[in-house]
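Notes for the one structure printed next.
Note that the coordinates shown come from a computational prediction; the quantities given were computed from them, not determined experimentally. Note that the numbering runs from 1 along the sequence shown for the chain.
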Amino acid sequence: MANIKSAKKRILVTEIRTAKNKAIKSRVKTYIKKVELAISQNDKAAANEALTVAISEISKAANKGVYHKNTAARKVSRLTKAVNAMA
């Protein structure tokens with residue numbers, strides 16, 4: 001355990017940031033699952049709606065630095081590709 005005051009503060013700040021990042025990642029995963037569920041049910045309209053929301057959430061996460069911009073772009077690209085491939 002840290003003895004220095006600044007080190008103790010860093011530990012607390014790290015825990016807070018970790019919790020926030022975890023919540024954001026979880027939120028993104030939830031929206032991705034909603035898109036994938038709509039795709040598996042062959043519901044094009046629902047998939048498009050869910051995709052719009054998912055893209056927004058992924059972009060927010062990338063802007064906050066939770067995801068690297070290329071990771072965010074890859075996730076968006078794969079989701080969009082999957083929705084567009086629907087019959």
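- With rounding to the nearest 0.5 angstrom, the CD atom of Q41 is 9.5 Å from the CE atom of M86.
- No option in I32, T80, V76 other than T80 meets the side-chain contact (heavy atoms from CB on, under 4.5 Å) test with L51.
- Side-chain atoms of N21 and K64, non-hydrogen and from C-beta on, never get closer than 4.5 Å to each other.
- When all heavy atoms are compared, the tightest approach of I58 to K75 is CD1-CB, 4.0 Å.
- Considering every non-hydrogen atom in both V35 and A47, the closest pair reads CG1-O, 4.4 Å.
- A donor-acceptor contact shorter than 3.5 Å is absent between the side chain of S26 and the backbone of K22.
- Residues L79 and I55 have side chains not in contact (no heavy-atom distance under 4.5 Å, counting atoms from C-beta outward).
- Using modelled atom types, one side-chain atom of T52 and one backbone atom of N48 make a donor-acceptor pair closer than 3.5 Å.
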| field | Trace of the side chain to side chain contact (heavy atoms under 4.5 Å, CB included) decision for T18 with E15 | value | CA-CA 5 Å; T18 302; E15 285 175 0; 5.7 Å; no
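- The salt bridge (Lys or Arg N to Asp or Glu O under 4.0 Å) analysis of residues 24-35, with sequence neighbours excluded, yields the pairs R27-E57.
- Summarising the hydrophobic clusters (Ile, Leu, Val, Met, Phe, Trp, Tyr; side-chain heavy atoms under 4.5 Å, direct or chained), the residues clustered with I4 are none.
- Between A46 and D43, the shortest heavy-atom contact is CB-OD2, 3.3 Å.
- The two residues M1 and I11 come nearest to each other via the heavy atoms CE-CD1, 4.3 Å.
- Residues Y67 and V28 have side chains in contact (heavy-atom distance under 4.5 Å, counting atoms from C-beta outward).
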